[in-house]
Structure formats: structure tokens, C-alpha cells
Amino acid sequence: MNVPLLDLVAQYRAIKDEVLPALQAVIESQQFIMGPAVPQLETAVAQLSHARHGIGCASGTDALLLPLKALALRPGDEVITTPFTFFATAGAIHNAGGAPVFADIAPDTFNLDPDAVEAAVTARTRAILPVHLYGQMAALERLLAIAARRGIKVVEDAAQAIGARRSIDGEWRMAGELGWVTGYSFFPSKNLGAWGDGGMMVTSDDQLAERLRRLRLHGGAKQYHHDEVGTNSRLDTVQAAVLLAKLAHLADWSARRRQHAAYYSAALADLPRVRPPVVESNNEHIFHQYTLRVERRDELQAHLKSKGIGNAVYYPIPLHLQACFSHLGYTRGRFPAAERAAGEVLSLPVYPELRREQLDYVIDAIRGFYR
Ligand SMILES: Cc1ncc(COP(=O)(O)O)c(C=O)c1O
């Protein structure tokens with residue numbers, strides 16, 4: 001049997017009769033730049049996020065970069081984030097002119113540890129940038145409280161967490177609802193994936209929304225009038241049309257991912273060398289990734305590969321140990337929880353179209369390895 005890590009062809013086959021006509025309509029109209037599907041998707045994603053504004057952009061990377069640019073960081077200004085994330089998170093801070101300051105993660109959830117964040121705040125801190133890793137929200141209420149006390153912003157990296165929510169003071173709050181601004185990625189492998197690159201920012205700050213709309217269009221609200229220097233970072237109409245058609249399925253896809261995750265976790269619960277993901281009781285996880293902590297990770301990885309089972313390590317090298325950040329002066333041992341996670345995590349196939357026999361095959365392969 002073959003169980004790929006992700007099967008976008010299976011998804012395509014299931015929805016092509018909905019997506020292709022939407023795509024064809026864009027082609028027939030020839031409105032490739034800022035056509036009607038773009039504001040439609042912006043409204044829909046803002047609604048999903050309980051935010052007032054959605055602003056499409058070219059990628060999830062830009063969905064972090066443009067808000068950080070809006071902060072007008074000066075050299076030496078710091079943004080606190082996690083070292084255990086995709087590179088773009090910290091890369092955006094650097095490219096916006098700031099210095100990434102890392103804080104360690106909570107070992108259970110792999111998300112930023114608020115106590116570590118608190119300890120990392122300095123007079124130069126301008127923002128906190130939590131990542132809702134693998135689809136589970138970080139401890140946002142605590143990070144928001146730290147930020148409020150210091151008068152700094154929270155920028156959510158929800159690239160992996162569209163539709164995730166967290167119960168705060170007894171109320172469900174969406175990813176993208178409480179932060180100053182939130183970035184989403186529509187990279188094809190994401191829970192809501194385009195047929196190419198794409199991203200979106202959501203915010204309920206009216207002024208910031210205007211600013212971000214300008215920044216993605218070379219800094220001009222009116223054609224040929226430039227209030228500041230922005231860039232070209234638009235979401236293509238073609239991608240917006242694909243995403244709008246797919247958005248109708250997102251809740252169902254994420255529910256199926258949760259079901260698969262629960263099935264794996266129950267079947268692996270008795271293995272002492274395997275630790276299934278911890279879902280906090282106040283979180284609704286969307287399982288962009290189903291990520292175990294395991295012993296003998298690299299051997300297990302090879303074993304699964306030999307059985308035709310796709311898997312991946314997200315992420316093998318924490319960002320404080322990346323060569324490009326050596327000037328920041330971090331050394332090995334500085335963030336033990338992130339470093340340990342980097343050596344132990346393994347993500348399994350969890351895409352919605354997985355069949356029961358495929359899940360059982362993956363489970364049997366893991367159980368067989370540790371027998
Ligand atoms: C946590 C995180 N942040 C940012 C990004 C950047 O998104 P993109 O690849 O769309 O630029 C990604 C995904 O790729 C991500 O997983």
C-alpha cells in the first residue's frame with residue numbers, strides 16, 4: 001500500500017466540478033488582477049476569523065512581512081517569536097528591518113511558552129509573533145496580556161491554523177480574531193490551499209487595514225500617487241476563485257483531519273515510545289499536521305518510508321541555530337524544548353481523503369517498528 005503524506009490529486013478529483021467552472025469564469029472575464037473573487041474571498045476569510053477586514057496578498061510570507069513593515073521597525077527593534085516554526089516567521093521579522101528574538105516553546109503543544117516570552121521582553125520589544133503551530137492555537141490570552149501591559153502588538157502567524165479556535169474566558173475565539181493582525185498562507189499543502197502561492201492578512205484595526213491595502217499596491221491608495229513605498233503583493237483572482245470554491249469544504253476537511261488524528265492517537269496510546277499530539281482542552285485543533293514525538297525518530301522515518309508511508313520532520317533545525325541568524329549570538333542549548341522537539345517530531349499523513357485502511361496500515365507499521 002502507498003500512503004502519501006498528502007494527496008492533493010484526491011482532493012482535486014473530489015472538487016474539480018466546482019473549482020473548474022469558477023476558474024473558467026475568471027479566465028473568461030480576463031480580470032486576473034484584483035477581480036471580484038478577491039474581495040469576495042477577503043470578506044469570507046475575515047468573517048471566518050471574526051475580523052473586520054481581510055487583505056489578500058501574494059503569500060503567507062508577505063502576510064507577515066507587510067504587517068511588520070507597517071510597524072516601521074527601526075534597527076535594533078525586537079520581535080519575539082518561536083524558534084520552532086517554518087523559516088518564514090523569523091525571516092519576515094528580519095526583512096522588515098527588525099531583530100528576531102526567540103523564546104522557547106511549551107513542550108506539550110510546541111507553541112510559544114508565555115513565561116519564556118515574558119522573560120524575553122526588553123525596552124526594544126515592539127511585537128510578539130506567536131505561531132499556531134500544526135493547527136493548534138498558542139496561549140493567546142496570556143500573550144495578549146503581556147503585550148497589553150507593555151503596549152506592544154501581537155501579530156498571529158496562522159499560516160497553519162485557518163479555522164482553528166480557542167476557548168478564552170468561556171468563549172470560542174478564532175485564530176485571527178484577537179491579534180492586532182494575523183497572517184494566513186494559502187500554500188497548496190495548507191488546509192485551505194491555492195493552486196499556487198497566496199496569502200491573506202486579517203485585522204479589525206480599520207487604519208491598519210487601509211495601510212496594508214496600500215502596502216500591497218506599492219504604497220498608493222490612488223493609482224500613480226504613492227504615500228509610502230510598498231510592494232507588489234496581490235492575491236491573483238485565479239487563486240481567489242479556487243480558494244472561494246474550496247472554502248465551502250474547509251470545515252468538513254478540518255473535521256475529517258480531527259477524526260483521523262483521534263483515530264491515530266487512540267491506536268498509538270499504549271506505545272511507551274510514541275507520544276501522540278497533546279490537544280489542550282480549550283483548543284480546537286485543525287491538524288494541519290499530525291505530529292508525534294517518538295524515540296529513534298530517524299529509524300522510524302526510514303522504516304515508514306520503506307513501507308511506502310509518507311512522513312516528514314517539521315522542523316529539523318530550530319531557527320536560532322540557522323547559519324543566517326548566527327549574528328544573533330544564540331548557541332545550542334539555549335532553547336532546550338525547541339531543540340528536543342526538533343530531534344523527536346515526526347508528522348504522519350492526516351489529509352481528509354485518507355481511508356480507514358490507510359490509517360490502519362500506518363498504525364500497523366508504527367506498532368510493528370516498536371514491537
Ligand atoms: C508557520 C508558517 N509561517 C509562514 C509560512 C509562509 O507561508 P508561504 O509559504 O505561503 O509564504 C508558512 C508556510 O509555508 C508557515 O507554515
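Counting convention: from 1, in listed order, for ligands and their atoms alike.
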Query raised in the report: Within 45° of the ring axis of Phe102 and under 6.0 Å from its six-membered ring centre, is that where the NZ or CZ of Arg334 lies?
Result: no
Report task. For Gly60, take its heavy atoms, then give the atoms of ligand 1 lying under 4.0 Å from any of them. Result -> 6 (C), 7 (O), 8 (P), 10 (O), 11 (O)
Report task. Please check if the side chain of Asn191 supplies one atom and the backbone of Ile286 the other of a donor-acceptor pair under 3.5 Å. Result -> yes
Show me the donor-acceptor pairs within less than 3.5 Å that the side chains of residues 304-314 make with the rest of the protein, sequence neighbours left out.
from   : atom 1 : to     : atom 2 : distance (Å)
Ser306 : OG     : His303 : O      : 2.6
Asn311 : OD1    : Gln301 : NE2    : 3.0
Asn311 : ND2    : Ile309 : O      : 3.0

Report task. Tell me, yes or no, whether the heavy-atom count around Arg256 atom CZ, taken from other residues, nucleotides or ligands under 6.0 Å, exceeds 12. Result -> yes
Query raised in the report: Does Thr85, backbone or side chain, put an N or O under 3.5 Å from an N or O of ligand 1?
Result: no
**Report entry** Nearest neighbour in protein (non-hydrogen) for atom 16 (O) of ligand 1
**Finding:** Gln160 NE2, 2.9 Å
Query - Numbering as shown, the atoms of ligand 1 that approach Val131 to under 4.0 Å (heavy-atom distance) - result: 1 (C)
Report task. Starting from atom 14 (O) of ligand 1, locate the nearest protein heavy atom and write down its residue, its atom name and how far away it is, to 0.1 Å. Result -> Lys190 NZ, 3.0 Å
Report task. Examine ligand 1 and decide if any of its atoms is less than 4.0 Å from a heavy atom belonging to His288. Result -> no
Report task. Kindly write out the residues that satisfy salt bridge (charged side-chain N to carboxylate O under 4.0 Å, His left out) with Asp17, not counting sequence neighbours, or none if the list is empty. Result -> none
Query raised in the report: Should you measure from each heavy atom of Thr89, which atoms of ligand 1 turn up under 4.0 Å away?
Result: 3 (N)
Query raised in the report: Parallel, tilted or perpendicular: which describes the rings of Tyr315 and Phe84, with under 30° parallel and over 60° perpendicular?
Result: perpendicular
Query - Nearest option to atom 10 (O) of ligand 1, as decided by whichever heavy atom of Gly199, Cys57, Ser185 sits closest - result: Ser185
Query - Protein residue, atom and distance nearest to atom 3 (N) of ligand 1, heavy-atom basis - result: Asp157 OD2, 2.7 Å
Report task. Would you indicate whether His327, at its atom NE2, is surrounded by more than 12 heavy atoms from other residues, nucleotides or ligands within a distance under 6.0 Å? Result -> yes
Report task. Please work out whether any backbone atom (N, CA, C, O) or any side-chain heavy atom from C-beta onward of Thr61 is under 4.0 Å from ligand 1, and answer side chain, backbone, both or neither. Result -> both
**Report entry** Glu228, CD atom: more than 12 neighbouring heavy atoms under 6.0 Å
**Finding:** yes
Query raised in the report: Going by the atom numbers of ligand 1, which of them fall below 4.0 Å from some non-hydrogen atom of Phe86?
Result: 2 (C), 5 (C), 12 (C), 13 (C), 14 (O), 15 (C), 16 (O)
Query raised in the report: Can you tell me the protein heavy atom closest to atom 15 (C) of ligand 1 and the distance?
Result: Ala159 CB, 3.5 Å
Report task. Identify which one of Phe335, Phe325, Phe87 satisfies the ring pair (Phe, Tyr, Trp, His ring centres under 6.0 Å) criterion when paired with His320. Result -> Phe335
Report task. Could you list the atoms of ligand 1 found under 4.0 angstrom from a heavy atom of Ala88? Result -> 4 (C), 5 (C), 6 (C)
